[in-house]
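Presented below is the structure to which this report refers.
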Number of protein chains: 2
Amino acid sequence: MDANNSYQAEKKYYETQASEEAFLEWYKKQSRPTYDTPSVTVDMVLFCYNREQDELKILLIKRNSHPFKDSWALPGGFVRRDEATADSCIRETFEETNVRITHQNIEQLHTFSRPDRDPRGWVITVSYLAFIGEEPVKAGDDAKDALWFSLNRSGDTLVLSDNAQKDIMIDLPSGKNLGTEKLAFDHAEIIVKAFNRIANKMYHEPQVLRVLGEEFTITEARKVYAKFLGIDYREIDHSNFKKALLDYFVEVSERATGVGRPSKIYRLKNED
Amino acid sequence: MDANNSYQAEKKYYETQASEEAFLEWYKKQSRPTYDTPSVTVDMVLFCYNREQDELKILLIKRNSHPFKDSWALPGGFVRRDEATADSCIRETFEETNVRITHQNIEQLHTFSRPDRDPRGWVITVSYLAFIGEEPVKAGDDAKDALWFSLNRSGDTLVLSDNAQKDIMIDLPSGKNLGTEKLAFDHAEIIVKAFNRIANKMYHEPQVLRVLGEEFTITEARKVYAKFLGIDYREIDHSNFKKALLDYFVEVSERATGVGRPSKIYRLKNED
DNA sequence: TCAATAGTGTCTCTCAGACAATATCCT
DNA sequence: AGGATATTGTCTGAGAGACACTATTGA
């Protein structure tokens with residue numbers, strides 16, 4: 001206790017009496033942690049869209065180690081020293097799934113900190129959101145598998161599906177897993193947060209359309225929006241949709257392939 | 001190296017071979033930290049409004065210990081084990097300033113993680129935003145002072161002022177301190193983030209009006225909005241303003257005091 | 001009665017949404 | 001030619017913003 005008292009006195013001296021330089025020098029010499037510190041992880045909610053299948057997709061990995069071994073989870077992992085969390089997120093996504101994201105299309109979502117959200121102990125996670133044109137994935141060392149799951153909204157339920165996998169179902173209002181196949185940690189909640197955020201912002205920040213890659217047609221954009229609204233794309237009027245979003249688009253070229261009148265091709269305007 | 005190799009083998013065994021129960025038991029016995037972990041703090045951006053002075057205010061504390069001793073800073077501090085960050089934020093705000101916040105009017109803002117944002121080393125901060133009717137403040141043990149600073153927007157500059165203190169100036173586009181009086185850490189950036197967030201959302205999420213306490217008049221609400229727009233409140237048309245926001249209000253009573261026709265009193269409707 | 005304050009009403013212009021018409025391609 | 005797909009154009013009703021008017025109070 002005496003030792004502790006003298007440590008406290010010393011601490012107080014450096015914190016309040018000494019110069020800032022002296023304080024920092026002293027501080028760095030201390031081995032005892034001033035406070036108990038949590039681990040910090042990042043999680044990435046990454047969306048893409050497949051034109052042929054008309055499917056909105058979300059990237060998941062299968063965990064190959066405890067906890068939640070063999071469960072599906074968002075890509076992510078521990079933040080390293082000298083890394084901003086956005087960088088960790090980009091790095092981990094690449095390591096686990098071989099998908100390269102840039103700072104352009106990454107957006108911070110929310111930080112989840114329930115003290116019991118990780119069975120290993122105290123782990124806080126900073127979640128991110130991004131959109132990318134569909135890319136091949138390849139599970140890295142840290143993951144047993146990596147897969148684009150189709151994501152469909154049916155009323156208040158999100159259904160994540162893949163032919164070879166059991167469906168994962170999430171209740172939108174509560175953010176809870178519904179079926180037997182459960183996502184790791186609180187990742188269902190994170191996905192719901194991302195989904196709602198996108199649906200709310202899409203009409204004034206159409207970054208979602210990056211799932212279509214650089215270029216897209218009005219109808220393709222309608223299809224993507226329809227996925228977030230949980231409706232058929234034909235319920236979104238072509239003319240009105242175009243009027244609402246044309247300010248964010250730049251026309252780049254004319255024709256395309258396929259049946260019917262060729263569509264014009266657009267890009268997203270650069271950041272406002 | 002041999003010791004380390006065998007540790008790695010053991011780790012791999014528990015992570016990938018053993019049962020989850022066995023893994024967790026093993027995990028909790030480990031003394032060596034699996035990863036280097038950052039400290040995590042919270043910061044609170046708290047706004048209020050003083051009717052007599054017609055001033056929007058923000059709560060700052062004067063730091064009484066290094067680093068940034070004697071600088072003004074947002075209330076906040078280290079997150080403790082078994083605490084969600086929102087709880088830490090409420091606790092620290094109370095400890096440092098004697099102001100009680102509830103979960104009702106607290107909203108997560110952003111997590112700041114630049115690795116060099118704290119001279120002590122690796123510290124990540126989760127920032128929060130809240131509104132409260134004006135309350136007396138009293139500096140706690142951790143702070144040398146606690147004060148409501150008036151906040152005025154003049155073009156692209158935020159000016160934080162108090163009669164007895166030097167003005168603090170922040171450039172809105174860059175989030176940088178302008179004058180000689182500088183805020184601690186990256187707190188200028190956090191305040192700018194909060195300010196912009198409020199200004200963007202005010203017309204469809206008028207939670208800002210909680211700075212007026214429970215009840216308020218249309219004109220009082222206009223005055224608060226004008227502060228965020230950096231204009232005189234008379235530039236906001238009474239009639240149009242009311243039309244735009246009436247859906248979020250409930251009329252509670254009629255008359256008030258003062259010169260002129262008595263105003264009606266409103267409350268915010270409960271959460272949608 | 002006048003100035004100050006606040007609430008109510010009106011006019012116009014714009015925009016969102018429903019729907020109709022036209023254009024271009026494939027078979 | 002006919003069906004499919006996409007673009008362009010029109011009509012209407014609701015809402016935003018400018019502005020004028022009325023109501024209530026204190027001096």
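Just so we're on the same page: letters track the sequence lines, and every chain starts at 1.
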Taking atom P of C:dA18 as reference, at what distance in whole Å does atom CZ of A:Arg234 sit?
17 Å

How long is the line joining CD of B:Glu235 and P of D:dG17, in whole Å?
14 Å

When the distance from CZ of B:Phe241 to P of D:dG15 is rounded to whole Å, what number comes out?
18 Å

B:His204 and A:His204 aromatic ring geometry - parallel, tilted or perpendicular at 30°/60° bounds:
tilted

Between P of D:dA18 and CD1 of B:Ile236, the distance in whole Å:
12 Å

Please tell me whether B:Ser263 and B:Thr217 have a donor and an acceptor in their side chains that are separated by less than 3.5 angstrom.
no

Modelled atom types, side-chain donor and acceptor of B:Asn152 and B:Glu55, under 3.5 Å
yes

Taking the six-membered ring for Trp, is the centroid-to-centroid distance between A:Phe228 and A:Phe195 below 6.0 Å?
yes

Angle between ring planes, B:Phe249 versus B:Phe216, binned at 30° and 60°: parallel, tilted or perpendicular?
perpendicular

To the nearest angstrom, the CZ-C1' distance between A:Arg222 and D:dT7 comes to 11 Å

Could you tell me how far apart B:Phe249 (CZ) and C:dA6 (P) are, to the nearest whole angstrom?
15 Å

Inter- and intrachain pairs under side-chain hydrogen bond (donor to acceptor under 3.5 Å, both in side chains), touching residues 162-176 of chain B, at least two apart
B:Asp171-B:Ser174

Which sits closer to the 5' end of DNA chain D, A:Gly260 or A:Ile218, going by the nucleotide each is nearest to?
A:Gly260

Under 4.0 Å protein heavy-atom contact, by nucleotide of nucleotides 8-16 of chain C - B base, S sugar-phosphate only:
BB------B

